[in-house]
Amino acid sequence: MVRICCDPQVSGLAFNSTKGGNEMSRVLLTVGTRKGAFFLWSDESRENWRLEGPHFKGWDVGPIQMDRRGDTAIWAGVSHFVYGAHLQTSKDLGETWKQIEHGPRYEDSSGHKLNRIWCIEPGPPEEPDLLYAGVDEAGLFVSSDQGEHWRGVDGLNDHPTRGEWSPGLGGLCLHRILIDQKNPNRMWVAISAVGVFRSENKGASWQACNQGAPIVAKGKEFEHIGSCVHSLVQAGNVPDLLYQQNHQGVLRSTDGANSWQRIETGLPARFGFPMELDPNDSNTLYTIPLESDEYRLPIEGKLAVFRSRDAGESWHAMTTGLPQGGFYSGVLRHSLAVDGLGPCGIYFGTTGGQLFYSRDGGEDWQSMPFTLPRIQSVSAFLLA
Amino acid sequence: MSGPVTVTVQLPSLLRSSAGGLSEVRVEASTLENLLESLFASYPLLRRHLVDEKGNLRPHVNLFLDDADVRWLDDWREPLEAGTSLTVLQAVSGG
């Protein structure tokens, strides 16, 4: 692994090349790209960043997740169009990695194929050995031994509606797993072009929860299948409050996903991919609208993050420091992250490889002084 | 039937971490079929990257037994000759 020291003259950011620096590194920003993963370290001020990487050089890196229920572990979903998809884990913050041999994989008899790992989610705190992963072709996998062995969650993967699950442009992907922090038996998953599902019994059975959400294709046997959810977030302290950026709009549920209502006042477009919630304020959320599903570009070449501070009742553009012309890279569904500090740090990466961040809840933005490969995920973690 | 011979297996850089960081490994085998099973037994992570859920070669994985693409070989149970090498390559297309 090569550590890269960026020239502080380029941006005024005081990058440094000292190894580790972990005594002061409270914020870890991970970036999954088409050609590897990059880590950025900073302290709580988030003024100085150190870039390291690429990890998994040449591999296509999707989700990167941290599990702090026991010994801290980082998990990465890694794939390659020739060599398939697999999981990697690190117990030393990325110094070394271990490839998981018995990772998520469909049985031959299933007729399904593992194309990509889309999300990794630690189970509830009281079950530290439990991990979940969402994959393409859409499916949910679970491990009961800290990720060493995995099995499919049949209640979802063999759901009676599966025959009407159809892929979108991004594939048939299960891209989000949410676990109710107050009721570990309840969880939600999001499958692009299919919809939201909820389980009340730790994944044994699942119910489609797309009432009120737009449905792409009509006339199917199961009328609530076919909602193209792009992002799904939940307010940890208000478990029945969920939000989603959908292919066809922005929606809120106040009843645990039983029903959805549109919340789009002030947004310039309904289309977009990422959505994130301020972990310290369940009424503050962020999305990045793009011009229609046909174009999928920043509107008029202007890059803007939209913020709502009233649970989606109204939205406002946050543009200070962002390019306001000539910018035509999009932002993918996993490429927006928040760090949970106060004021909240917000980070997003583009398909053109640029990384932008705000240290004040989106009021002011800066760009990192480098260009990465196509950015597919951005995650922010706080370390004690 | 001939006995086992030592085959040198050459790996692309992306797969070296699946073989303990080695760029080439030596495997004792008597046939191509036997060679792959021995390779996967010694380096199980390679199985995941070279074959799919059904045990078939992944579509963009090429294996060359000396100069021959193994997809064109009629019989993977033919005896191997001493000095044989197996090269793992990814198919490349486009510009």
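Every chain is numbered from 1, with letters handed out A, B, ... down the list of sequences.
Contact check for B/R48 versus A/L114: side-chain heavy atoms found under the 4.5 Å cut-off.
Rounding to the nearest 0.5 Å places NE2 of A/H80 at 11.5 Å from CZ of B/R58. Taking CZ of A/R105 as the reference point, atom CG of B/D52 lies at 7.0 Å (rounded to 0.5 Å).
Contacts from residues 10-21 of chain B to chain A, taken as heavy-atom pairs separated by less than 4.5 Å, involve B/P12, B/L14, B/L15, B/S17, B/S18 in sequence order.
Residue B/L89 touches chain A through its backbone alone, counting heavy-atom pairs closer than 4.5 Å. With a threshold of 4.5 angstrom between heavy atoms, A/F56 does not approach chain B through any atom at all.
Checked by atom type and distance alone, the side chain of B/H60 never pairs as donor or acceptor with a backbone atom of A/V82 at under 3.5 Å.
Annotation for B/E28: atom CD counts as buried by contact number, over 12 foreign heavy atoms lying within 6.0 Å. Heavy-atom neighbours of A/R68 CZ from other residues, nucleotides or ligands within 6.0 Å: above the threshold of 12. Residue A/Y295 places its OH atom among 12 or fewer non-hydrogen atoms of other residues, nucleotides or ligands, all under 6.0 Å distant. With a 6.0 Å radius and a threshold of 12 heavy atoms from other residues, nucleotides or ligands, B/N56 has its CG atom above the threshold. Around atom CG of B/D67, no more than 12 heavy atoms belonging to other residues, nucleotides or ligands sit under 6.0 Å away.
Shown here for B/E53 and A/Y106, the closest heavy-atom pair between the two residues is CG-O, 3.6 Å.
Ranked by non-hydrogen atom pairs under 4.5 Å with chain B, the options A/Q99, A/H86, A/E101, A/H112 are led by A/Q99.
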